[in-house]
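A short worksheet on the structure shown next.
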Amino acid sequence: MNFFGHAVIAQRSEAARAEPRAEFVLGAMLPDFASMLRVRPPSVTSPTIAEGIVFHHATDDAFHGSDWFLEFSRQASSYLRERGLSRGSARAVAHVGVELLLDGALAGKAANEAYLSALDAALTDQIAGHINWHAVEQATRFRHLCHNLKARGAPHGDVPAELVAERLRNILASRPRLAMDEAGQSVVRDWVVSSGPLIAAKAKLVVNEVEQRLALSHRFER
């Protein structure tokens with residue numbers, strides 16, 4: 001699940017509260033931010049952020065094992081392979097692409113507000129002081145990342161297929177075995193056009209399935 005999806009599930013888990021805890025939502029996204037920066041996850045001294053990090057990993061397990069994700073990823077990989085993408089590129093796009101399209105489908109007032117509030121929190125000295133990166137340079141890059149994400153705004157569901165395909169190509173560009181050329185990007189664009197509406201239509205089902213799997217996991221742990 002992409003970082004915005006984590007924010008959505010975290011926000012929904014906080015629904016009983018008067019308002020979501022921004023630090024918890026931030027913690028639920030923090031492992032993904034570390035991956036984006038290509039650094040080891042930071043240590044944290046805030047119990048609420050730490051709780052969010054634990055929730056992140058539980059949510060990933062629930063999402064990646066869900067019937068919904070496994071089926072859409074399989075369909076995407078088959079579609080892309082049949083149209084000439086390499087096995088590695090097809091699998092990567094099938095994984096990341098499904099998550100990106102899901103982001104747009106999950107966007108909404110409550111989710112967007114929780115996501116942006118978490119980014120705002122990360123940019124405050126008080127919250128940043130609880131996140132201990134392994135080098136000053138990493139802390140600086142994290143701050144820049146949060147600034148850039150906030151400037152971009154929350155996801156929305158009407159992003160043109162060309163832009164989604166271009167973003168996926170850029171994400172994979174630094175991985176030689178996964179990188180795509182223009183022809184591959186065109187295939188991905190066609191997949192976005194055909195699959196985007198299907199993923200959007202099923203978005204509520206995946207949220208329900210993930211939350212059910214989280215609840216079952218929590219009961220098992222108890």
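Keep in mind it's a predicted model, so treat the numbers as computed, not measured.
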What verdict does the side-chain contact (heavy atoms from CB on, under 4.5 Å) test give for F4 and E99, after you've listed the backbone C-alpha separation in whole Å, the side-chain angles of each residue and the deciding distance to 0.1 Å?
CA-CA 9 Å; F4 179 76; E99 293 181 345; over 6 Å; no
Stepwise, does the salt bridge (Lys or Arg N to Asp or Glu O under 4.0 Å) test hold for K150 with D120?
CA-CA 8 Å; K150 184 181 176 185; D120 283 336; 2.6 Å; yes
Set out, in order, the CA-CA distance, both residues' side-chain angles and the distance that settles side-chain contact (heavy atoms from CB on, under 4.5 Å) for R167 and L100, then state yes or no.
CA-CA 10 Å; R167 184 178 176 192; L100 288 180; 3.5 Å; yes
Go through it in stages, so that I can follow the logic: the residues are F63 and L102, the test is side-chain contact (heavy atoms from CB on, under 4.5 Å), and I'd like the CA-CA distance, side-chain angles, deciding distance and then a yes or no.
CA-CA 12 Å; F63 176 74; L102 181 62; 3.7 Å; yes
Take F33 and L149 through the side-chain contact (heavy atoms from CB on, under 4.5 Å) test and state the conclusion after the steps.
CA-CA 11 Å; F33 291 156; L149 291 174; 3.6 Å; yes
Before you tell me yes or no, could you show the steps for R141 and E137 under salt bridge (Lys or Arg N to Asp or Glu O under 4.0 Å), namely the whole-Å CA-CA distance, both residues' side-chain angles and the distance that decides it to 0.1 Å?
CA-CA 6 Å; R141 289 172 57 203; E137 171 264 345; 3.2 Å; yes
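Shortest non-hydrogen contact noted between V159 and L163 is CG1-CB, 3.9 Å. Summarising the geometry of G5 relative to L106, their closest heavy-atom pair is CA-CD1, 4.4 Å, with the distance given to 0.1 Å. Between W191 and A76, the shortest heavy-atom distance links the atoms NE1-CB, 3.4 Å. For the residue pair T59 and V210, the shortest heavy atom distance occurs at CG2-CG1, 4.2 Å. Closest approach of S13 to A10, counting heavy atoms only: OG-O, 2.7 Å. In this structure, A7 and M29 approach most closely via the heavy-atom pair CB-SD, 3.7 Å.
Between N132 and V44 there is no side-chain heavy-atom pair separated by less than 4.5 Å. In this structure the side chain of Q138 never reaches within 4.5 angstrom of the side chain of R40, judged on heavy atoms. Considering only heavy atoms from C-beta on, L123 comes within 4.5 Å of R143 through its side chain. Residues Y115 and D103 fail the side-chain proximity criterion, which asks for heavy atoms closer than 4.5 Å. Looking at heavy atoms from C-beta onward, S46 lies out of side-chain contact with I127 at the 4.5 angstrom threshold.
Within the 3.5 Å criterion, the main-chain N or O of P31 finds a donor-acceptor partner in the side chain of S35. Put simply, the side chain of S73 gets close to the backbone of F69: a donor and an acceptor are under 3.5 Å apart. The backbone N or O of M1 lies less than 3.5 Å from a partner atom in the side chain of H64, making a donor-acceptor pair. Judged by distance alone, with hydrogens and angles left aside, the side-chain atoms of R91 form no donor-acceptor pair with the main-chain N or O of S77 at under 3.5 Å. No donor-acceptor pair under 3.5 Å is formed between the side chain of S195 and the backbone N or O of V192. Remark: the backbone N or O of A183 is paired with a side-chain donor or acceptor of D181 at under 3.5 angstrom. Looking only at distances, no side-chain donor or acceptor of H134 sits under 3.5 Å from a matching main-chain atom of S43. Although no hydrogens or angles enter the test, the distance criterion places no donor-acceptor pair under 3.5 Å between the side chain of Q185 and the main chain of M180. When atom types are taken as modelled, the side chain of S117 and the backbone of A114 share no donor-acceptor pair closer than 3.5 angstrom. Under a 3.5 Å cut-off, the side chain of T140 and the backbone N or O of V136 do form a donor-acceptor pair.
Defined by atom type and a distance below 3.5 Å, a donor-acceptor pair is present between the side-chain atoms of D60 and H56.
Partners of R21 under the salt bridge (charged side-chain N to carboxylate O under 4.0 Å, His left out) rule, at least two apart in sequence or in another chain, are E14, E51.
In this structure, E113 CD and Q11 CD are separated by 9.0 Å, a value rounded to the nearest 0.5 Å. To the nearest 0.5 angstrom, F55 atom CZ is 5.0 Å from F24 atom CZ. The OG atom of S174 sits 8.5 Å away from atom CG of L178, with the distance rounded to the nearest 0.5 Å. Between the CZ atom in F142 and the CD1 atom in I131 there is a gap of 4.5 Å [rounded to 0.5 Å]. To the nearest 0.5 angstrom, R12 atom CZ is 6.5 Å from N208 atom CG. Atom CG in D61 sits 9.0 Å away from atom CG in L214 (nearest 0.5 Å).
Under the 4.5 Å side-chain heavy-atom criterion for grouping Ile, Leu, Val, Met, Phe, Trp and Tyr, V164 is connected to L198 within one hydrophobic cluster.
With salt bridges taken as basic N to acidic carboxylate O contacts below 4.0 Å, none links E209 and R213. For R74 and E71, the salt-bridge test passes: some basic side-chain N is under 4.0 Å from an acidic carboxylate O.
Geometrically, R81 does not engage Y79 in a cation-pi contact, judged by NZ or CZ lying under 6.0 Å from the ring centre and within 45° of the ring axis.
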